[in-house]
Amino acid sequence: MPREGGSLTPPEGLQHLWLPYCQMQLAPPPLTAVGTEGCRITLADGRELIDGVSSWWTACHGYNHPHILHCMEAQLQAMPHVMFGGLVHEPALTLASRLSKLTGLGRVFFSDSGSVAVEVALKMALQYWRNRGKAGKDRFLCFSNGYHGDTLGAMSVSDPEKSMHKAFRHAVIPQFVVDIPADEYAFSELDALLAGVQKELAGIIIEPLVQCAGGFRFHSPDVLAELRRLASKYEALFIVDEIATGFGRTGSMFAFQEAGIAPDILCLGKALTGGACGMAVTLASEEMFSAFLSGSRDDAFMHGPTFMANPLACAAANASLDLFEQEPRLQQVEAIEAALRDGLGGCESLPGVVDVRVKGAIGVVQLRPEIDSYALRPRFVERGVWVRPFNDVVYLMPPFTISGEDLQALMRAVREVVQ
Ligand SMILES: Cc1ncc(COP(=O)(O)O)c(C=O)c1O
């Protein structure tokens, strides 16, 4: 079977790997990456690919940014890791203060991946209501096409039918799943549903403005603001999952800010470290936090990942925030948005295309569902670009630092392959 875009023999050791979301009996052997720099990935055979995916949407400043490397190297010499129970450290203190200022949420809880940040958010919401003496508020309202991660709690609030979690549908806690309302009628239906389930409802969880892994579907800031209003009306915590959208991807630093709202709980991850290493956070309002303060240890928040607030990851995240302050990232996103509108717009008239949409540095070409988008993957590698269509979408989420030339090359490849 040919490799994904080549014909070399599979790498030694592949027989011991178990790859993610991958039917390993059918999938072509993966390519071996040996280096990254800027917006390029270098392969073992010497080829260079222009990256249109930012390593699952993390590498917002491109790869190996010297400022991030420098800060991580300094931290590596001082203290690569120390436990966060009973001890704190300067990189975490600084990062928590900066994130709190950027988001308006007073408290930061560290974890090691986006899925865990979502678990933490759900557990915070459940324990909040218990601590407030409201028993029975232990279900969540979530949305069709939503995706919040791969752990059991995160799967329970993701789309139960269309996400990659179908196989676990029987095993996860059932939640209330609705379509994101698009008009007044849908909102009045949702209002009625919420009125009926208020006593059971702990929170509403949503990916703001763009549902990413569920097919890059967009909704408006007005819809988000109205959902926030309904959450308050029916005593539900409003949980905003910005793991994919946060740090500029939709055009503003955080997507929820476009709706002028304040979440009760916010999840961040992915681009938090500029893509240099794994880390995530769950932020909560001071009001949320105050529900965990009492004379009883039982009221303390019961969670604590071993590697939480890893100092190396905190150093990377602080360096990434420096770059947002020092370099014109949001202007770069604006320029990418304009280029994507221009460059992908032409795909609309192609026979296999159902829709083309752009928001910030996210460009989406939606294909007719019968088209096997996975079969298109090697064609991108043949053209020297790293683009990974899935289900019915071909999408671009490049690093914000991508040059105009490289972005044009990505879009040219999308046009040619889709054609
Ligand atoms: C919105 C959202 N939430 C949560 C996650 C899970 O993050 P992780 O893969 O770091 O566990 C993802 C990952 O794609 C995501 O897009």
Side-chain angles (χ1 to χ4, degrees), residues 58 60-61 67-68 71-72 74-76 78-125 127-128 208 237-248 252-257 262-293 299-326 329:
T58 64
C60 54
H61 313 288
H67 181 60
I68 298 183
C71 293
M72 288 183 81
Q75 187 58 47
L76 185 63
M79 180 171 67
H81 186 65
V82 69
M83 66 185 283
F84 207 58
L87 297 170
V88 294
H89 47 77
E90 188 279 327
L93 293 165
T94 302
L95 181 58
S97 307
R98 293 175 85 177
L99 291 175
S100 182
K101 197 160 165 218
L102 280 170
T103 61
L105 291 160
R107 296 286 164 167
V108 180
F109 192 95
F110 288 96
S111 59
D112 30 30
S113 76
S115 300
V116 175
V118 169
E119 296 292 327
V120 166
L122 302 178
K123 283 177 68 178
M124 269 179 187
Q127 202 181 337
Y128 170 88
L237 297 167
F238 198 59
I239 305 170
V240 171
D241 175 354
E242 292 247 12
I243 287 160
T245 53
F247 301 101
S252 46
M253 193 60 174
F254 300 106
F256 79 84
Q257 293 168 333
D264 298 302
I265 303 178
L266 174 69
C267 301
L268 302 175
K270 289 194 185 278
L272 171 62
T273 62
C277 58
M279 186 166 72
V281 292
T282 308
L283 293 105
S285 66
E286 286 293 340
E287 200 286 312
M288 283 280 313
F289 178 72
S290 68
F292 293 78
L293 301 177
D299 290 339
F301 183 49
M302 289 299 163
H303 202 96
T306 302
F307 283 100
M308 72 185 291
N310 170 255
L312 264 184
C314 290
N318 277 317
S320 174
L321 292 182
D322 294 342
L323 294 175
F324 275 103
E325 284 167 13
Q326 293 160 11
R329 287 292 171 269

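In this chain, numbering begins with 1 at the start of the sequence shown. Treat the numbers as computed from the prediction; the structure is a model and nothing was measured.
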Worksheet item: Angle class for the Phe247/Phe324 ring planes (parallel below 30°, perpendicular above 60°, tilted otherwise)?
Response: tilted

Worksheet item: Which word best sums up how the rings of His81 and Phe307 line up, parallel for under 30°, tilted for 30 to 60°, or perpendicular for over 60°?
Response: tilted

[atom2] on [Y] to [atom1] on [X], rounded to 0.5 Å:
{"X": "Thr245", "Y": "Leu268", "atom1": "OG1", "atom2": "CG", "value": "8.5 Å"}
{"X": "Phe109", "Y": "Lys123", "atom1": "CZ", "atom2": "NZ", "value": "8.0 Å"}
{"X": "Cys314", "Y": "Leu272", "atom1": "SG", "atom2": "CG", "value": "8.5 Å"}
{"X": "Ile265", "Y": "Met288", "atom1": "CD1", "atom2": "CE", "value": "3.5 Å"}
{"X": "Thr306", "Y": "Phe84", "atom1": "OG1", "atom2": "CZ", "value": "13.5 Å"}
{"X": "Ile68", "Y": "Thr273", "atom1": "CD1", "atom2": "OG1", "value": "7.0 Å"}

Fill in: Those residues that, when tested against Ala315, pass side chain to side chain contact (heavy atoms under 4.5 Å, CB included) (two or more places apart)
Gln75

Worksheet item: With sequence neighbours excluded, what pairs up with Leu87 under the side chain to side chain contact (heavy atoms under 4.5 Å, CB included) test?
Response: Val82, Met83

Which heavy atom of [X] sits nearest a heavy atom of [Y], and at what distance?
{"X": "Phe110", "Y": "Ala92", "answer": "CZ-O, 3.9 Å"}
{"X": "Met72", "Y": "Cys277", "answer": "CE-SG, 3.9 Å"}
{"X": "Ala117", "Y": "Cys267", "answer": "O-SG, 3.6 Å"}
{"X": "Ala317", "Y": "Met279", "answer": "CB-CE, 3.8 Å"}
{"X": "Leu266", "Y": "Phe256", "answer": "CD2-CE2, 3.9 Å"}

Discussion item. Test: side-chain hydrogen bond (donor to acceptor under 3.5 Å, both in side chains). Region: residues 109-120. Which pairs qualify, not counting sequence neighbours?
Written reply: Glu119-Thr151

Response to the item:
Residues pairing under side-chain hydrogen bond (donor to acceptor under 3.5 Å, both in side chains) where one sits in residues 83-98, two or more places apart or in two chains, turn out to be Glu90-Thr94, Arg98-Asn318, Arg98-Asp322, Arg98-Glu325

Fill in: Test log, rule side-chain contact (heavy atoms from CB on, under 4.5 Å), inputs Arg329 and Met253
CA-CA 9 Å; Arg329 287 292 171 269; Met253 193 60 174; over 6 Å; no

Discussion item. Going by the rule side chain to side chain donor-acceptor pair (under 3.5 Å), which residues pair with Ser252 if we only count those two or more places apart in sequence or in a different chain?
Written reply: Glu258

Practice prompt. Report yes or no: does Asp264 contribute a side-chain atom to a donor-acceptor pair with the main-chain N or O of Phe238 at less than 3.5 Å?
Written response: yes

Worksheet entry | Check: Glu242 side chain, Ala255 main-chain N or O, donor-acceptor pair, under 3.5 Å | yes

Fill in: side-chain contact (heavy atoms from CB on, under 4.5 Å) between Met308 and Val116, intermediate numbers included
CA-CA 10 Å; Met308 72 185 291; Val116 175; over 6 Å; no

Taking the side chain as every heavy atom from C-beta outward, state whether [X] and [Y] have any atom pair closer than 4.5 Å.
{"X": "Val118", "Y": "Asp241", "answer": "yes"}
{"X": "Met302", "Y": "Phe292", "answer": "no"}
{"X": "Ile239", "Y": "Met124", "answer": "no"}

Mind listing the side-chain donor-acceptor pairs of residues 100-107 below 3.5 Å, one per line with the distance, residues two or more places apart or on another chain?
| from | atom 1 | to | atom 2 | distance (Å) |
| --- | --- | --- | --- | --- |
| Ser100 | OG | Leu105 | O | 2.8 |
| Thr103 | OG1 | Leu99 | O | 2.8 |
| Thr103 | OG1 | Leu105 | N | 3.2 |
| Arg107 | NE | Glu286 | OE1 | 3.3 |
| Arg107 | NE | Glu286 | OE2 | 3.1 |

